[in-house]
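In this chain, residues are counted from 1 in sequence order.
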Amino acid sequence: MDAVSILTLPQLFATGRARHIASSVIDIVGGRTYSSWGLWREVARTVDALDALDVHVGDRVLVQCEKSVAVLVTYLACVHHGAVFLPLNTAYTDVEAQWIVDDATPSLVIRDPSRLMLRGAHRSMSLDAAGHGSWTDAAAVAPGGSGELSVLGANGRRGHDLAALLYTSGTTGRPKGAMLTQNNLASNAVVLTECWGFEPTDRLLHMLPIFHAHGLFVAINTTLAAGASMVWLPRFDTDAVFASLPNVTVVMGVPTHYTRMLADPRLTEQSSARVRLFVSGSAPLLQSTHEAFEARTQHKIVERYGMTETVMLTSNPLSGDRRAGTVGPALPGVELRIVNDAGRTLGTGDVGAVEVRGPNVFSGYWNRPDLNATEFAPDGFFRTGDVGMLDADRYLWLIGRAKDLIITGGLNVYPIEVEEVLDAFPGVAESAVIGLPDPDFGEAVTAVLVGKPGEAFDTESLRDAARERLAVFKVPKRFLIVDSLPRNAMGKVEKAKLREMFGRAEGDSS
């Protein structure tokens, strides 16, 4: 494939369909098998349903449902139709989802039937984990109900058309919508297909969520672009993973998945013999995990680096030196630099801010001209907010994350979101939320609290209150009570000191 000639997702997927040779494209573990013809026929019918519901090109379609092939079909239908796919984390509460509905003003909202209706949605429909609901019913009876694959041509889509809107937490406490174009997604999938050696004979073990860029764009777009196929798991399940390993050639996961596999004696060189490629992303992979996995399986995990706003930026090579502790060199077409506070490009081995530019970099934040003005350098480089350095071979070493981002189990948590909820609780004077090392989740969300004089509070009640307002992965796993928070001369809480203090205390107690 030529990344220059592939400008849109319909073009990309048409190329993949022409290459597909397997009898199936998706095999659901313990369930249905989809042929390529059957999958794309459902996509075509769903395009008809979008038209029948007066969803127009550029309209947002918000989906907050459990993982199912019906959600995948909806995504594929949106990018062919011209609607903008807006997936929401299923753990988001109604309060969090309502804010995004108010900001994105979707034409269509599709949610699990157990969820409440949201205010302001132009039209609401249901879809459950089994793929049933008023949404799939609408597709079945769409006027014409053609299911004609001819509707899956380019359909006038252009490379700069908006294809997806993914909300990511912000340092202000409010999520921000990253606008990803057809070309952002298509060009990145072409590069990954080539860099990771995807062929029509490959079978991917898909165990990732599909509200996230990793599971949706990296895993699905790359597989379909190559004309390959998938073994589909609703979620990570250790028994199902080990039962599937003999039937797949590629595994994509987050570090938590690999630590859980390592904890199981079934992980051996023999059990993983058919897999040609293990990929890890969404959070840093500990060097010890990388080395232990290689010792058990003789496989070196390929660690890569990306963001919601950029899809994939770097990757350790398929053929070549896969260096534990690094995320590899920049992908073809991606420009990457390390700069100091003044914006001057730094040399080899110097630590600074990571900035990137390329066809994969998003077009900006939805309704946020203020951020679009500050998050891009004057020459178009995107300021990732990460801190790193480049070695002599241009491998990127990520040193830390600006803005105090916590990545737990591959999911992003910005402390300010959690702190606002905790600070509003009776008896809490102030809070500081940090990430502490965790062998399973990578980082555990930890709240350091200061109480109001003479007022007691119960941490279990505080946890319950947080669960009502926050997605479960954002709720602190630990609450630590202190007399005061460390501050610098400007009065800012020094979270680095808290991480050092409590990280060291945990190490001493082990």
Undergrad: So does Glu375 pair up with Arg383, basic N to acidic O under 4.0 Å?
TA: no
Undergrad: Between Lys477 and Asp438, is a salt bridge (charged side-chain N to carboxylate O under 4.0 Å, His left out) present by the stated rule, with each step listed?
TA: CA-CA 10 Å; Lys477 291 181 169 56; Asp438 183 274; over 6 Å; no
Undergrad: Does a side-chain heavy-atom distance below 4.5 Å link Val57 with Asp161?
TA: no
Undergrad: Measure the shortest side-chain to side-chain distance between Ile26 and Leu72 over non-hydrogen atoms and say whether it is less than 4.5 angstrom.
TA: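 A side-chain contact exists here, since the closest heavy-atom pair is under 4.5 Å.
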Undergrad: Can the positive tip of Arg17 be found less than 6.0 Å from the middle of the six-membered ring of Phe13, inside 45° of the ring normal?
TA: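 No - Arg17 does not lie over the ring of Phe13 by the 6.0 Å and 45° rule.
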Undergrad: Do any N or O atoms from the side chain of Arg45 and from the backbone of Ala140 form a donor-acceptor pair under 3.5 angstrom?
TA: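 Yes, because the side chain of Arg45 sits within donor-acceptor range (under 3.5 Å) of the backbone of Ala140.
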Undergrad: Just by distance, with hydrogens left out, do Ser187 and Asn360 show a side-chain donor and acceptor under 3.5 Å apart?
TA: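 Side-chain D/A pair, Ser187 to Asn360: absent.
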Undergrad: Checking Asp112 side chain against Glu66 main chain: does a donor-acceptor pair fall under 3.5 Å?
TA: no
Undergrad: For Phe441, is the NZ or CZ atom of Arg260 found under 6.0 angstrom from the centre of its six-membered ring and inside 45 degrees of the ring axis?
TA: yes
Undergrad: Could you pull out the closest heavy-atom pair between Arg111 and Val109, with the gap in Å?
TA: CG-CG1, 3.6 Å
Undergrad: Are any side-chain N or O atoms of Gln11 and backbone N or O atoms of Leu7, one a donor and one an acceptor, separated by less than 3.5 Å?
TA: yes
Undergrad: Tell me the closest heavy-atom pair linking Pro200 and Ile21, and the distance in Å.
TA: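 Scanning both residues, the minimum pair turns out to be CB-CG1, 3.9 Å.
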Undergrad: Does CD belonging to Gln270 count more than 12 external heavy atoms closer than 6.0 Å?
TA: no
Undergrad: Are more than 12 heavy atoms, taken from residues, nucleotides or ligands other than Arg266, located less than 6.0 Å from that residue's CZ atom?
TA: yes
Undergrad: Output yes when Arg368 and Glu309 qualify as a salt bridge under the 4.0 Å nitrogen-oxygen rule, no when they do not.
TA: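 No.
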Undergrad: Apply the side chain to side chain contact (heavy atoms under 4.5 Å, CB included) test between Leu166 and each candidate in Phe211, Phe85, Phe217; give the one that qualifies.
TA: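 Among Phe211, Phe85, Phe217, the one that satisfies the side chain to side chain contact (heavy atoms under 4.5 Å, CB included) with Leu166 is Phe217.
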Undergrad: Is a donor from one side chain sitting under 3.5 angstrom from an acceptor on the other, for Trp196 and Ser315?
TA: yes
Undergrad: Let me see the working for Phe376 and Tyr365 under ring-ring contact (aromatic ring centres under 6.0 Å, His included), right down to the final yes or no.
TA: CA-CA 11 Å; Phe376 288 88; Tyr365 292 110; 7.5 Å; no
Undergrad: Between Ser282 and His214, do the side chains contain an N or O donor and an N or O acceptor separated by less than 3.5 Å?
TA: yes
Undergrad: Go through the side-chain N and O atoms of Tyr395 and Asp321 and say whether any donor and acceptor fall under 3.5 Å apart.
TA: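 Per modelled atom types, Tyr395 and Asp321 side chains form no pair under 3.5 Å.
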Undergrad: Is Arg203 salt-bridged to Asp27, going by a charged N under 4.0 Å from an acidic O?
TA: yes
Undergrad: Answer yes when Arg322 and Glu294 have at least one side-chain N-carboxylate O distance shorter than 4.0 Å, and no when they do not.
TA: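 Salt bridge between Arg322 and Glu294, a charged N being under 4.0 Å from a carboxylate O: no.
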Undergrad: Charged N to carboxylate O under 4.0 angstrom, Asp379 versus Arg337?
TA: yes
Undergrad: Do we get Arg276 above Phe198's six-membered ring, with its NZ or CZ under 6.0 Å from the centre and within 45° of the axis?
TA: yes
Undergrad: Testing the 3.5 Å rule here: is there a donor-acceptor pair between the side chains of Asp440 and Thr256?
TA: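 Looking only at side-chain atoms, Thr256 and Asp440 do not form any donor-acceptor pair under 3.5 Å.
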Undergrad: Give me the atom names and distance for the closest heavy-atom approach of Met207 to Val251.
TA: CE-CG1, 3.6 Å
Undergrad: Would Glu199 and Arg19 pass as an ion pair if we require N to O under 4.0 Å?
TA: yes
Undergrad: Can you find a pair of side-chain heavy atoms, one from Leu162 and one from Trp366, that are under 4.5 Å apart?
TA: yes
Undergrad: To check you understand the geometry: which heavy-atom pair defines the closest contact between Ala70 and Gly131, and what is its length?
TA: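 Smallest heavy-atom distance, with atoms named: CB-CA, 4.0 Å.
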Undergrad: Would a 4.5 Å heavy-atom cut-off, applied to side chains only, mark Val25 and Trp40 as touching?
TA: no
Undergrad: Please answer whether the main-chain N or O of Leu336 pairs with a side-chain N or O of Glu355 as donor and acceptor at a distance below 3.5 Å.
TA: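 No, the answer is negative, given that no donor and acceptor are paired below the 3.5 Å cut-off.
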